[in-house]
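First comes the structure, then the notes that go with it.
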Amino acid sequence: MAEDNSYESMLCVKPEVHVYRIPPRASNRGYRAADWKLDEPAWSGRLKITAKGKMAYIKLEDKNTGELFAQAPVEQYPGCVVEAVTDSSRYFVIRIEDGNGRHAFIGLGFADRGDSFDFNVALQDHFKWVKQEGELAKLEASQSAAPKLDLSFKEGQTIKISIGNIKKKDAGGAKPRPMAGGLLPPPPGAKAGGILPPPAGAQTVPLAQANTGDHDASQPQQLFAQIRANRNDAYTNTDFFLSPNPAPLLDFGSPVPAPQPSSDVWGDFTSAGSNTDAVKSGWVQFS
């Protein structure tokens with residue numbers, strides 16, 4: 001991954017830091033801030049942390065003019081350029097360079113503990129990003145170097161797919177659906193929805209006679225009396241059940257001729273003002 005050296009990003013800015021002269025390290029245990037003259041800092045100013053590519057830079061500038069006092073280029077963190085003291089979290093030892101190959105170690109201190117925490121986190125986040133970028137570049141390089149796998153079909157190449165657990169449909173076709181209402185299917189030879197013929201010897205009632213609306217008012221009473229008589233005879237006479245051709249229960253007789261319409265347009269109604277009791281049979285007069 002190409003680096004843009006002309007682009008410089010700002011990672012952290014702290015308005016007040018202190019610089020101390022430190023004595024040489026007495027042992028390999030590390031530096032101690034208690035050995036410094038903390039009440040007499042050698043310099044005070046502003047701190048900036050910038051990044052350009054993979055490098056980070058700690059810059060100490062004058063807080064009023066912005067003039068550069070010292071600079072410490074950081075290649076990795078934690079490392080030898082920035083080292084924390086053993087007895088405090090607000091003080092560090094950094095190695096500064098002048099650009100001519102000379103370097104020196106100075107003490108760096110923050111007045112607030114939160115400022116030292118931000119200083120530490122800014123360096124950690126930058127080099128964490130640098131590490132991830134390096135791993136990604138290595139992965140891309142390994143993928144580009146490996147031969148690509150060609151999974152496309154060649155000309156004329158076919159594949160066969162076997163799908164199990166699929167039942168074949170019966171050759172006879174779909175099963176007949178049951179009739180609605182739970183009724184049994186008609187017997188063989190009979191038409192669905194047809195009417196069964198009457199039994200042998202039974203007499204049918206003519207449609208014109210059964211559905212005649214114009215008849216004498218006394219005819220229904222005679223008809224119902226005959227039906228009741230025939231029903232009683234059918235239950236009491238055992239010959240009815242033994243006879244192969246029982247007599248019909250209903251005998252309506254010959255058709256009754258329809259009455260002729262009257263020539264009077266108003267029918268047989270009496271006058272509105274009459275109070276006579278002579279009315280036609282079948283009509284009711286309201287007083």
Side-chain angles (χ1 to χ4, degrees), residues 1-140:
M1 187 174 184
E3 297 178 4
D4 187 8
N5 296 327
S6 61
Y7 179 77
E8 185 178 22
S9 61
M10 188 69 63
L11 302 181
C12 180
V13 178
K14 293 302 173 181
E16 184 179 4
V17 295
H18 303 289
V19 173
Y20 302 93
R21 293 184 177 91
I22 60 175
R25 180 184 299 185
S27 63
N28 293 331
R29 293 182 303 176
Y31 293 97
R32 298 178 69 251
D35 299 335
W36 308 345
K37 296 179 180 180
L38 300 179
D39 55 345
E40 298 178 2
W43 179 87
S44 297
R46 179 175 60 195
L47 177 140
K48 287 184 179 179
I49 302 178
T50 61
K52 182 182 291 187
K54 295 181 179 180
M55 292 289 295
Y57 297 90
I58 301 174
K59 297 181 179 181
L60 302 175
E61 300 175 350
D62 186 88
K63 63 175 63 175
N64 297 321
T65 63
E67 182 182 0
L68 182 64
F69 172 74
Q71 176 176 275
V74 184
E75 295 181 359
Q76 63 179 4
Y77 182 78
C80 62
V81 177
V82 180
E83 184 179 354
V85 298
T86 58
D87 58 346
S88 177
S89 61
R90 295 190 294 117
Y91 298 95
F92 299 86
V93 176
I94 62 175
R95 189 182 69 174
I96 59 176
E97 296 181 1
D98 61 354
N100 297 324
R102 296 183 300 177
H103 65 274
F105 290 92
I106 61 175
L108 180 68
F110 296 90
D112 185 66
R113 196 177 302 274
D115 293 341
S116 63
F117 177 80
D118 295 340
F119 170 81
N120 191 18
V121 170
L123 292 174
Q124 288 180 353
D125 290 346
H126 172 71
F127 287 100
K128 182 179 180 181
W129 171 81
V130 171
K131 182 179 179 181
Q132 292 177 350
E133 289 293 319
E135 293 177 354
L136 182 60
K138 291 180 181 180
L139 180 61
E140 291 178 354

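Residues take their numbers from the sequence shown, with the count starting at 1.
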Nearest heavy-atom neighbours spanning Leu123 and Ala56: CD2-CB, 4.4 Å
For Arg21, enumerate each residue passing the side-chain contact (heavy atoms from CB on, under 4.5 Å) test, keeping only those at least two apart in sequence or located in another chain. Ala42
Mind listing the closest non-hydrogen atom pair of Gly45 and Trp43 along with its distance? CA-CH2, 3.3 Å
Report yes if some heavy atom in the side chain of Leu108 is under 4.5 Å from a heavy atom in the side chain of Val93; otherwise report no. no
Determine yes or no for a side-chain-to-main-chain donor-acceptor pair under 3.5 angstrom, with Asp118 supplying the side chain and Cys12 the backbone. no
Should we say atom CD of Gln124 is surrounded by more than 12 heavy atoms from elsewhere, each under 6.0 Å from it? yes
Pair Asp35 + Arg32: basic N to acidic O under 4.0 Å: yes
For the residue pair Tyr91 and Tyr31, is the inter-centroid distance of their aromatic rings smaller than 6.0 Å? no
Donor-acceptor pair, side chain of Ser116 and main chain of Arg113, under 3.5 angstrom: yes
Atom of Glu75, atom of Phe127 and distance for their closest heavy-atom approach: O-CE2, 2.8 Å
If you compare all heavy atoms of Pro23 against all heavy atoms of Trp36, which two are closest, and at what distance to 0.1 Å? CD-CD1, 3.8 Å
Not counting sequence neighbours, which residues clear ring pair (Phe, Tyr, Trp, His ring centres under 6.0 Å) with Tyr77? List them please. none
Is it the case that more than 12 heavy atoms not belonging to Glu135 sit under 6.0 Å from its CD atom? yes
Residues in salt bridge (charged side-chain N to carboxylate O under 4.0 Å, His left out) contact with Asp98, at least two apart in sequence or another chain: Arg102
So do Lys59 and Leu68 actually touch side chain to side chain, heavy atoms under 4.5 Å? yes
For Asp112, check side-chain contact (heavy atoms from CB on, under 4.5 Å) against everything at least two apart and list the hits. Asp115
Heavy atoms of Ala34 and Asp87 approach each other most closely as N-OD2, 3.0 Å
Indicate yes or no: at least one non-hydrogen side-chain atom of Val82 is less than 4.5 angstrom from one of Phe119. yes
Take a 6.0 Å sphere around CZ of Phe69 and say whether it holds more than 12 heavy atoms from other residues, nucleotides or ligands. yes
Salt bridge check, Glu83 against Arg25: does any charged N sit closer than 4.0 Å to a carboxylate O? yes
Heavy-atom side-chain proximity of Phe92 to Val85 below 4.5 angstrom: no
Does Lys63 have any side-chain contact (heavy atoms from CB on, under 4.5 Å) partners at least two apart in sequence or in another chain, and if so, which? Glu16, Arg46
Side chain of His126, backbone of Val121: donor and acceptor closer than 3.5 Å? no
Not counting sequence neighbours, which residues clear side-chain contact (heavy atoms from CB on, under 4.5 Å) with Glu97? List them please. Pro73, Arg95, His103
With heavy-atom distances below 4.5 Å as the criterion, would you say the side chains of Gln71 and Ile58 are in contact? no
Distance (rounded to the nearest 0.5 Å) between Ile22 CD1 and Ile106 CD1: 8.0 Å
In Å and rounded to the nearest 0.5 Å, what is the NZ to CD distance from Lys48 to Glu8? 9.0 Å
Do Leu11 and Thr50 make a side-chain contact, defined as non-hydrogen atoms from C-beta onward lying under 4.5 Å apart? no
Would Lys52 and Tyr57 satisfy side-chain contact (heavy atoms from CB on, under 4.5 Å), going step by step from the backbone distance to the final call? CA-CA 8 Å; Lys52 182 182 291 187; Tyr57 297 90; 4.2 Å; yes
Between Thr86 and Arg29, is there a side-chain donor-acceptor contact under 3.5 Å, judged purely by atom types and distance? no
Looking only at heavy atoms, the pair that brings Phe110 and Arg90 closest together is O-NH1, 2.7 Å
